[in-house]
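Okay, structure first, notes after.
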There are 2 protein chains.
Amino acid sequence: MITLTEENYIKAIYHLGKQGVETVNTNAIAEALQTKASSVTDMLKKLAEKGYADYIKYQGVNLTVQGKKIAIGIIRKHRLWEVFLVEKLNFKWDEVHQVAEDLEHIKSEKLIDQLDAYLKHPTHDPHGDPIPDRDGNFKQIEKILLSQAILGNKYKCVGVKDTSSAFLNYLDANAIALGTEIVLLHKEPFDQSIKIEINNREITVSQNVAKNLFLKTV
Amino acid sequence: MITLTEENYIKAIYHLGKQGVETVNTNAIAEALQTKASSVTDMLKKLAEKGYADYIKYQGVNLTVQGKKIAIGIIRKHRLWEVFLVEKLNFKWDEVHQVAEDLEHIKSEKLIDQLDAYLKHPTHDPHGDPIPDRDGNFKQIEKILLSQAILGNKYKCVGVKDTSSAFLNYLDANAIALGTEIVLLHKEPFDQSIKIEINNREITVSQNVAKNLFLKTV
DNA sequence: ATTTAAATTTAGATTAGTCTAAATTTTTAT
DNA sequence: ATAAAAATTTAGACTAATCTAAATTTAAAT
Ligand SMILES: [Mn+2]
Ligand SMILES: [Mn+2]
Ligand SMILES: [Mn+2]
Ligand SMILES: [Mn+2]
């Protein structure tokens, strides 16, 4: 049996290591899970012992194939629940994260498969992140940050990097939603702020915003 | 903060004590939760300390007003999730219990209120048990066991006492569902088996069945 | 009213997860 | 190449929940 805590660690390692390709170090995990480095060390030993991770003292940790499979399963559940909360229960996209954090640990194959079907097999969650299918397959759509966009080009918003309420509420207030079209009008060299056209309005956003909004060329 | 385990104990005490009116003893709780009496004793001390229960050594335990409120809240969640699973995710009524046992511990006011609204404020779960409203109010409908029914009278099935798959599958196989009308034709003194008319068919059911099917006079 | 049996509690251990403080290893800077 | 700083691990302790085995209390039976 895998515990809820082990699942949270595995998911954190997966995310910190960019889908599990990079090695992750202790302090990063402690920071992500709001815990202490010494607690992380203990857990890494356990995960290694159980075959979920390869861990070398002082050198960091990597998920095994089995560990990655578990991580993807949890992420699938997390994102499906997020879709459910937004589409069916009228949650806003900034309210779903905490609840999904708990729901992702409910263990029932049937539950998640039926939920998937009920939601008509969604491919992306409310923040634009891809939802793995039941075999764990998913494709990351080609996306760039607004900060990397090219002057004059036309784009479509497809995701957010920061999922904090503060950022999501900012986007709501400025009528920037997933699917919204954007044209890059000007990049200010002084402070990296960016002027964009959106819904026939011109607005200027800070570098901070530009570094957290994902776009796709259209 | 209240833990998942504390919640399970409180719910068990509530059920064993008939909505919290009777005093519950240690062994009954151990049996219900599949644990040992010594573990129960430890937890009863803790529940008393936290103000959820009144506990007298060797004499048994009662829920406080606060404890009852918590129990009812968990039961509300449990039953709402059961309705969701059956109505929306195509679960059969014998498949919902285990999953609901986990879902009932998800803590989000908004989640449960929205779920309630989404399901159109159901008053009863798939097994005929009443669902408390958000203030904790619910009324137990007047119901009797088939074994206590009177010859010749006409009834409607309104609930089950035993919620095991074995029993629920038996009912399915015999086309006995909630809402089905039943006429009591004969009570066999020898083995307490009962002959009933149901959907224009005559069938005989054992005492065991008769003691687990709730009816309402129609 | 004793004795016996049943129910319950206590004592002492164990596992999961966490923490602080101290020790060790690795990395960075001089 | 050494010293200082940063990262990481170990040692030892704590809480929640559980268990077994022994002790205690209550209830039942003679
Ligand atoms: Mn989680
Ligand atoms: Mn998301
Ligand atoms: Mn439960
Ligand atoms: Mn039920």
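Just the heavy atoms: all of them, side chains too, but no hydrogens, waters or symmetry mates, feed the values below. Below, chains carry the letters A, B, ... as their sequence lines are ordered, and counting in each starts from 1.
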| query | With a 3.5 Å cut-off and no angle check, do the side chains of D162(B) and S164(B) form a donor-acceptor pair? | reply |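 Yes, side-chain donor-acceptor contact under 3.5 Å.
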| query | Looking only at heavy atoms, what is the nearest atom pair of I182(A) and C157(A), with distance? | reply |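 Nearest pair, atom of I182(A) first, then C157(A): CD1-SG, 3.5 Å.
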| field | Whole angstrom value for the distance that separates C1' of dT18(C) from CG of N8(A) | value |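 Going from N8(A) (CG) to dT18(C) (C1'), I get 14 Å.
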Can you tell me if [X] touches the phosphate of [N], counting only side-chain N or O atoms and a distance under 4.0 Å to OP1 or OP2?
X	N	result
T5(A)	dA16(C)	no
Y58(A)	dT10(D)	no
K57(B)	dT24(D)	no
N25(A)	dA7(D)	no

Pair [X] + [Y], salt bridge at N-O below 4.0 Å:
X	Y	answer
K107(A)	D102(B)	no
D42(B)	K36(B)	no
R76(A)	D135(A)	no

| field | Most 5' of L4(A) and T26(B) on DNA chain C, judged by nearest nucleotide | value |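 The 5'-side residue here is T26(B).
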| With under 30° as parallel and over 60° as perpendicular, where do the rings of Y118(B) and F84(B) fit, or are they tilted in between? |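 Tilted: the ring planes of Y118(B) and F84(B) meet at 30° to 60°.
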| message | Quick check on contacts: within residues 27-43 of chain A, what sits under 4.0 Å from DNA chain D by heavy-atom distance? | response |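 DNA chain D contact set from residues 27-43 of chain A: N27(A), A37(A), S38(A), T41(A).
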